[in-house]
Amino acid sequence: MARMHMSALLMVALLAAPAQPLTWKVTGADVTFEMSAKDLRALRDGKEVFGLQSRQADFLSNFKAEEGTNTFGWEGSQSMKVLSVVGPWVSYENSDSGFTGGAHPYASTSYVTEDVTKPKGAFSLLSVFPEKDVVAALKADRFIRKHIHDEAAFKNARTVEALMQSLEPGEDCVGFDTGGLESVKRSVAFHHIEGNKVAVRISFGYAAEACRGRSFVVGVLLAIPAELRPALKRAARREEGFLMKDAKAVKAPSVHFTWESPEPKQE
């Protein structure tokens with residue numbers, strides 16, 4: 001009886017214990033990931049080179065104002081939701097909104113992909129896949145074709161930049177010609193594998209301030225380069241990372257930061 005009671009206590013203790021972070025080392029790189037329900041971190045030589053929770057200090061620094069500035073009514077929030085992890089590439093959805101003075105509040109939502117082994121902004125989809133393949137896939141997409149402004153320029157476009165210039169925002173207010181090239185390069189996530197192709201999601205922002213906060217996601221299928229196939233397969237099997245279709249199943253983390261200006265002091 002006493003033994004059964006001790007076993008029950010042990011089981012309760014195990015269930016109450018905090019879950020250990022899931023860790024994996026990236027094949028061919030000196031990077032180790034640690035993922036929990038509340039954070040995703042990448043470590044090199046024991047030092048963090050990517051993290052979510054550690055960004056709170058940078059978020060709060062956005063609301064430091066010069067002495068004497070009236071910050072009453074200021075507020076802000078930032079959310080980051082991990083979408084996929086393939087090799088050293090982390091893709092996440094970043095949402096920012098708030099008000100820090102001026103005529104209007106601000107709001108934006110976009111995908112971001114970072115190569116944790118390189119400086120921020122170094123990742124480019126066009127360095128991974130041939131640009132002609134990306135252009136062809138975008139040209140075949142129905143949503144893209146709905147926004148053609150110049151048929152001849154669209155047909156003749158051989159680069160992403162030229163393709164973006166042949167499109168118009170339309171009623172959707174899509175920002176193809178305002179940051180469209182950068183969106184194709186870096187605002188991406190890897191969704192699933194179909195045969196020898198990978199489904200890539202590309203997030204485009206808005207074209208005008210009146211549409212602030214809106215985002216538009218386009219899905220394309222791209223032939224997988226031979227050098228990328230092993231990392232994608234390991235992510236698809238959830239051995240090292242995961243693809244976007246499995247983000248919910250693996251309980252991919254998200255963080256949310258908020259700030260509000262303090263109430264003015266009573267005289």
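Keep in mind the model is a prediction, meaning the values are calculated, not measured. Each residue takes its place number in the sequence, starting with 1.
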Main-chain N/O of Glu209 paired with Arg212 side-chain donor or acceptor, under 3.5 Å: yes

Aromatic ring proximity, centroids under 6.0 angstrom, Trp74 and Phe63: no

Counterpart residues, side chain to side chain contact (heavy atoms under 4.5 Å, CB included), relative to Thr117 (two or more places apart): Val31, Arg44, Pro88, Asp115

Donor-acceptor side-chain pairing of Gln78 and Asn94 below 3.5 angstrom: yes

Any pair counted as disulfide (SG to SG under 2.5 Å), so long as it reaches residues 197-229, sequence neighbours left out: Cys173-Cys211

Flag for Glu48-Ser54: side-chain donor and acceptor within less than 3.5 Å: yes

Sequence-distant partners of Leu181, side chain to side chain contact (heavy atoms under 4.5 Å, CB included), two or more places apart: Leu126, Val160, Glu161, Lys185

Contact check, side chains of Arg237 and Phe242, non-hydrogen atoms, under 4.5 Å: no

Whether over 12 other heavy atoms sit under 6.0 Å from Lys81 NZ: no

Partners passing side chain to side chain contact (heavy atoms under 4.5 Å, CB included) against Ala136 (at least two apart in sequence or in another chain): none

Residues in side chain to side chain donor-acceptor pair (under 3.5 Å) contact with Thr113, at least two apart in sequence or another chain: Ser91

side-chain hydrogen bond (donor to acceptor under 3.5 Å, both in side chains), paired with Thr109, selected from Ser215, Ser203, Ser95, Ser97: Ser95

Under 3.5 Å: donor-acceptor pair, side chain of Ser261, backbone of Thr71: yes

All pairs passing salt bridge (charged side-chain N to carboxylate O under 4.0 Å, His left out) where residues 216-226 contributes a residue, at least two apart: none

Glu260, CD: over 12 other non-hydrogen atoms inside 6.0 angstrom: no

Aromatic plane relationship, Trp89 with Phe123 - under 30° parallel, 30 to 60° tilted, over 60° perpendicular: perpendicular

Side-chain cluster (under 4.5 Å, hydrophobic types only) that Tyr111 belongs to, other residues: Leu83, Val217, Met244

With Leu22 via side chain to side chain contact (heavy atoms under 4.5 Å, CB included) - residues at least two apart: Trp24, Met35

Listed once per pair and sorted, the disulfide (SG to SG under 2.5 Å) pairs that draw on residues 66-151, sequence neighbours left out: none

Derivation of the salt bridge (charged side-chain N to carboxylate O under 4.0 Å, His left out) call for Lys146 and Asp172: CA-CA 10 Å; Lys146 190 175 75 170; Asp172 301 301; 3.5 Å; yes

Which pairs would a plain distance check flag for residues 247-257, meaning a side-chain donor or acceptor within less than 3.5 Å of a matching protein atom at least two apart in sequence or in another chain?
{"unit_1": "His256", "atom_1": "ND1", "unit_2": "Ser79", "atom_2": "OG", "d": "2.5"}

NZ (Lys38) with more than 12 external heavy atoms under 6.0 Å: no

Mind listing the side-chain donor-acceptor pairs of residues 223-234 below 3.5 Å, one per line with the distance, residues two or more places apart or on another chain?
{"unit_1": "Arg229", "atom_1": "NH2", "unit_2": "Ile224", "atom_2": "O", "d": "3.2"}
{"unit_1": "Arg234", "atom_1": "NE", "unit_2": "Glu240", "atom_2": "OE1", "d": "3.4"}

Under 3.5 Å donor-acceptor, Asp150 side chain and Ser166 backbone: no

Other ILVMFWY residues reachable from Tyr206 by side-chain steps of under 4.5 Å: none

